[in-house]
Visitor: 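First, the structure itself, so that you have it in front of you.
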Number of protein chains: 2
Amino acid sequence: MKPVPDKVIARLSQYRRLLTDHMDQDQTHIYSHELAALAGVSSAQVRRDFMITGYSGSPNRGYEIDELVKCIADVLDDPDGHKLALVGVGNLGRAILDYFSGRRPHLTIVAAFDVNPDKIGRHIHGVPCYHMDEIDRVVRAQGITSAVVSVPADQAQKTADTLVAAGVRGILTFTPAPMRVPQNVYIEEVDITTSLEKVAYYASTNTAVKREVK
Amino acid sequence: MKPVPDKVIARLSQYRRLLTDHMDQDQTHIYSHELAALAGVSSAQVRRDFMITGYSGSPNRGYEIDELVKCIADVLDDPDGHKLALVGVGNLGRAILDYFSGRRPHLTIVAAFDVNPDKIGRHIHGVPCYHMDEIDRVVRAQGITSAVVSVPADQAQKTADTLVAAGVRGILTFTPAPMRVPQNVYIEEVDITTSLEKVAYYASTNTAVKREVK
DNA sequence: GGGTGTGAAGCCGTTCACAGCA
DNA sequence: TGCTGTGAACGGCTTCACACCC
């Protein structure tokens, strides 16, 4: 299958959440311009994105919501689901565990890692916490494919190397430090400091800017 | 001054952090290709970005780091600094307070807001916590210009409205719900669920994708 | 030679605009 | 008539490639 652009993936994820979480239960169909208004994009954008899923709407009723959600799932979700690891159980790590537990059925955080002895061996928000030395063993044993990283900057590279060596193919990192990984590993970097500096910049300059989704 | 593109602002912020936080103390100059390698972009990109700051390097020594950082600050930082508010002191909110306290001198979180009586009136990571009913009063009194929002989805719009009415011009939100704001207010939306779904998608498809910065 | 600064070209994502259809 | 699907135009960001300079 031809590669789907990054931004389309992000919007599909957003569309799905809008359709499943913020929708009238008895609404069965939706027009591109309606969904576009909810998502803050143009209706042409919405139609363009759905071309990729292969799902066609009907000119007089729009898109059938259930079908649409199914088609989005066909694109986004691996049929086997994904097991995730969380590395670094600090404030942010705990927030993510809490925030994310049970939110997306096909994505499950099955293991957490830290170096703090107070955390190791316990369950945090239902997830068992191991020492970081056990990353390789646990990742292999559980078949973990992706990881969320929120460790101090000076451990970022070492953590990435360990994860990649154990077979992880995708990393979401909150650590604001460069991570060097092989080409076939996907890195998503959420940089809160940069995000805040952007907000501050535009708050000063008072420039109108279109909204976008990360 | 002509408006600076979103992406350039983000990269300038990243360059600065690389230059100030991850640099040998005794290194005084840097070439565009060196910084490019650190940031994971092309050297042409780096030079292009610096055109905007107005700073010129020297062909045989590259860029003088101190000068460069100063020029970036001239673009990014408001001379008066920014006071920030945090709305929603849950796990994520506390993580941000902790993570961010004292990290960027010109950006200071001066007030937190929640509805939980256990938090109101106390200091959390050194920041006073008020009831959300007081947003308008405190924001005006303190001259707060920007806000970080991590409230439940169903309160996102109300929170945004209150903040905007009180004069806030920039919002960084972690709440995965559409926020409608006037054109002149800048919204940066960090959507952790979408980020994770992207990671999972590319972990499945195994597609090599270039790294980028949020 | 190996850098920087920059016009020009290239690329990619978005929007336009319209044919086709119910 | 109003919507979908889509080729074509558009625009902005990135890269190329080269003049210039130390």
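All values reported here derive from a predicted model rather than from experimental measurement. These numbers come from the heavy atoms of this one structure, side chains and all, not from hydrogens, waters or symmetry mates. Lettering follows sequence order; numbering is per chain, from 1.
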Visitor: In whole angstrom, give the distance that lies between atom CD1 of B:Ile52 and atom P of D:dG12.
Guide: 14 Å

Visitor: A:Ile9 CD1 to C:dG13 P: how many Å, rounded?
Guide: 12 Å

Visitor: What does A:Phe50 touch in the nucleic acid at a heavy-atom separation under 4.0 angstrom: a base, only the sugar-phosphate, or nothing?
Guide: nothing

Visitor: Using the closest heavy atom to pick a nucleotide of DNA chain D for each, name whichever of A:Pro59 or A:Ala44 lands nearer the 5' end.
Guide: A:Pro59

Visitor: What's the CE-C1' distance between B:Met51 and C:dA8, to the nearest Å?
Guide: 13 Å

Visitor: Would A:Asp66 and A:Lys70 pass as an ion pair if we require N to O under 4.0 Å?
Guide: no

Visitor: B:Glu34 CD to C:dG2 P: how many Å, rounded?
Guide: 14 Å

Visitor: Output the rounded distance in Å from CG (A:Asp6) to P (D:dT14).
Guide: 13 Å

Visitor: Starting at atom CG of A:Asp49, determine the distance to atom P of D:dT6, rounded to an integer number of angstrom.
Guide: 14 Å

Visitor: Starting at the 5' end of DNA chain C, which residue's closest nucleotide do you reach first, A:Val8 or A:Ser58?
Guide: A:Val8

Visitor: Is A:Tyr63 close enough to D:dG5 that one of its side-chain N or O atoms is under 4.0 Å from OP1 or OP2 there?
Guide: yes

Visitor: Using only side-chain N and O atoms of B:Ser56, determine if any of them is under 4.0 Å from OP1 or OP2 of C:dG5.
Guide: yes

Visitor: Given side chains that start at C-beta, do those of A:Arg17 and B:Pro176 come closer than 4.5 Å, heavy atoms only?
Guide: yes

Visitor: Atom CG of A:Asn60 and atom P of D:dT4: how far apart are they, to the nearest Å?
Guide: 10 Å

Visitor: Nearest heavy atom decides the nucleotide; on that basis, is B:Ile30 or A:Pro5 closer to the 5' end of DNA chain C?
Guide: B:Ile30

Visitor: Could you check how far NE2 of B:His33 sits from C1' of D:dA17, rounded to whole Å?
Guide: 18 Å

Visitor: Hey, are the side chains of B:Met179 and B:Glu189 touching, using non-hydrogen atoms and a 4.5 Å cut-off?
Guide: no

Visitor: Strictly below 4.0 Å: does B:Arg11 bring a side-chain N or O up to OP1 or OP2 of D:dT14?
Guide: yes

Visitor: Could you label the plane-to-plane angle of the A:Tyr186 and B:Tyr202 rings as parallel, tilted or perpendicular, counting under 30° as parallel and over 60° as perpendicular?
Guide: parallel

Visitor: With a 3.5 Å cut-off and just heavy-atom distances, do the side chain of B:Arg48 and the base of C:dT6 make a donor-acceptor pair?
Guide: no

Visitor: Just compare D:dT14, D:dT4, D:dA17 and give me whichever is closest to any side-chain atom of A:Arg47.
Guide: D:dT4

Visitor: Before giving the answer on side-chain contact (heavy atoms from CB on, under 4.5 Å), spell out for B:Leu107 and A:Glu197 the whole-Å C-alpha distance, their side-chain angles and the decisive distance to 0.1 Å.
Guide: CA-CA 8 Å; B:Leu107 300 179; A:Glu197 291 200 320; 3.9 Å; yes

Visitor: Under 4.0 Å between a side-chain N or O of A:Gln45 and OP1 or OP2 of C:dT15?
Guide: yes

Visitor: Remember a base hit wins even if backbone is also touched, and classify B:Ser32 as base, sugar-phosphate or nothing at under 4.0 Å, heavy atoms.
Guide: sugar-phosphate

Visitor: Taking OP1 and OP2 of C:dT15, is either one under 4.0 Å from a side-chain nitrogen or oxygen of A:Ser42?
Guide: yes

